[in-house]
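Here's the structure we're looking at; comments come further down.
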Amino acid sequence: LSSQPVLRFEEFLEEFVGRIEFVFDIKSAGIEAEILRLVARQSRNSPIVFSSFNAKILVRVKSLAPKSRTALIVGPMRNLKVKFDLSAYMVGRLTQLNCHAVHLSRHIAKEGLVGRLLDAGLVVAVWTVDEGEIGSRLIGMGVSGLITNVPKEMVPLWK
């Protein structure tokens with residue numbers, strides 16, 4: 001184990017806000033105001049995206065900070081009994097939530113869906129992409145980002 005002290009969230013923000021783009025994945029409702037307060041204390045204008053699987057969290061973020069950038073995280077749809085146009089539904093839902101982006105599971109990031117989301121002006125990122133072949137295919141579709149455990153392997157694919 002390292003003898004380095006654990007970096008507190010506030011210290012992390014002080015060190016890195018303004019230097020890189022952040023995506024804060026908010027997993028629990030009720031902490032949105034505190035996260036926004038801590039982020040707002042940083043004077044640098046850093047590109048920050050607030051993401052969640054929970055649409056209610058994104059609605060709360062937008063109500064507290066209307067100009068904030070938000071992304072709905074969408075995983076595989078299990079046990080669907082009814083056939084429907086997923087891409088049309090997602091574009092409508094993301095528009096309703098006033099999201100600028102969507103973070104798709106790699107399991108549903110198919111060309112038709114990605115294309116429709118991009119055509120709607122949404123930023124599309126895909127998670128969790130750790131295989132170069134999959135990353136290259138997604139980049140070829142036009143996705144804006146790959147969420148990965150192996151950035152050293154994925155970053156060179158963008159060149």
Side-chain angles (χ1 to χ4, degrees), residues 1-76 90-91 93-109 113-114 117-159:
L1 290 176
S2 172
S3 62
Q4 295 291 323
V6 174
L7 192 64
R8 292 181 27 249
F9 185 63
E10 294 89 343
E11 295 167 333
F12 172 81
L13 291 173
E14 288 171 14
E15 178 70 25
F16 295 104
V17 166
R19 294 175 55 195
I20 59 173
E21 180 177 15
F22 285 103
V23 177
F24 289 117
D25 180 7
I26 305 174
K27 297 187 182 293
S28 300
I31 62 172
E32 304 89 347
E34 181 65 10
I35 290 172
L36 289 167
R37 183 187 69 76
L38 291 168
V39 169
R41 288 177 56 190
Q42 302 305 314
S43 61
R44 296 162 275 179
N45 288 329
S46 180
I48 296 175
V49 177
F50 300 96
S51 68
S52 185
F53 279 102
N54 186 333
K56 290 178 183 176
I57 289 173
L58 300 178
V59 168
R60 176 90 170 125
V61 167
K62 282 289 194 181
S63 72
L64 294 168
K67 293 183 179 181
S68 62
R69 299 184 327 151
T70 56
L72 183 65
I73 304 171
V74 181
M90 285 185 60
V91 167
R93 184 70 172 132
L94 291 160
T95 301
Q96 178 186 36
L97 292 170
N98 196 23
C99 289
H100 93 285
V102 60
H103 297 168
L104 298 175
S105 163
R106 69 183 178 94
H107 300 291
I108 63 169
L113 175 60
V114 169
L117 294 167
L118 292 170
D119 288 346
L122 293 156
V123 173
V124 179
V126 181
W127 56 273
T128 300
V129 181
D130 293 340
E131 300 84 12
E133 182 179 319
I134 294 171
S136 292
R137 181 176 53 80
L138 291 165
I139 291 167
M141 287 183 207
V143 301
S144 303
L146 301 175
I147 300 165
T148 183
N149 295 310
V150 290
K152 284 184 179 180
E153 294 177 29
M154 294 300 119
V155 169
L157 300 177
W158 293 97
K159 297 178 180 173

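Values in this document were obtained by computation on a predicted structure and should not be read as measured data.
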Given side chains that start at C-beta, do those of Phe50 and Ile57 come closer than 4.5 Å, heavy atoms only? no
Test Val49 against His100 for side chain to side chain contact (heavy atoms under 4.5 Å, CB included), laying out the working first. CA-CA 9 Å; Val49 177; His100 93 285; 3.7 Å; yes
Would you name the heavy atoms of Ala55 and Arg93 that are closest together and state the gap between them? CB-NH2, 3.3 Å
If you compare all heavy atoms of Val114 against all heavy atoms of Val143, which two are closest, and at what distance to 0.1 Å? CG1-CG1, 3.9 Å
So do Phe24 and Val39 actually touch side chain to side chain, heavy atoms under 4.5 Å? yes
State, with a plain yes or no, whether a side-chain heavy atom of Val129 is found less than 4.5 Å away from one of Leu138. yes
NZ (Lys27) and CG (Asn54) are apart, to the nearest 0.5 Å, by 11.5 Å
For Gly75 and Ser105, work out which heavy atoms get closest and say how close. CA-CB, 3.8 Å
According to side chain to side chain contact (heavy atoms under 4.5 Å, CB included), who are the partners of Asp119, at least two apart in sequence or on a separate chain? none
Is the number of heavy atoms from other residues, nucleotides or ligands within 6.0 Å of CD (Glu133) greater than 12? no
Taking Ser52 for its side chain and Ile26 for its backbone only, find out whether a donor-acceptor pair lies under 3.5 Å. yes
Validation row: His103, Val23 side chains within 4.5 angstrom (heavy atoms): yes
Indicate the ring-plane relationship of Phe12 and Phe9, choosing parallel, tilted or perpendicular according to the 30° and 60° boundaries. parallel
Can you give me the closest heavy-atom contact between Ile147 and Ala125, atom names plus distance? CD1-CB, 4.3 Å
For the pair Glu34 (side chain) and Ile31 (backbone), establish whether a donor and an acceptor sit closer than 3.5 Å, ignoring hydrogens and angles. no
With sequence neighbours excluded, tell me which residues meet side chain to side chain contact (heavy atoms under 4.5 Å, CB included) with Val150. Asp130, Thr148, Glu153, Met154
Closest non-hydrogen contact found for Ser68 with Val61 is OG-CG1, 3.3 Å
Polar side-chain atom of Glu15 near backbone of Leu13 as donor-acceptor pair, under 3.5 Å: no
Within the structure provided, determine whether Met90 and Leu122 are in side-chain contact (heavy-atom separation under 4.5 Å). no
Residues Val91, Leu117; criterion side chain to side chain contact (heavy atoms under 4.5 Å, CB included); working and verdict: CA-CA 6 Å; Val91 167; Leu117 294 167; 3.9 Å; yes
Quick one: are Lys62 and Leu97 in side-chain contact, heavy atoms under 4.5 Å? no
Suppose we screen for side chain to side chain contact (heavy atoms under 4.5 Å, CB included). Which residues come up paired with Ile139, at least two apart in sequence or across chains? Leu146, Leu157, Trp158
Kindly give the heavy-atom pair with the smallest separation between Ala33 and Arg60, and that separation in Å. CB-NH2, 4.3 Å
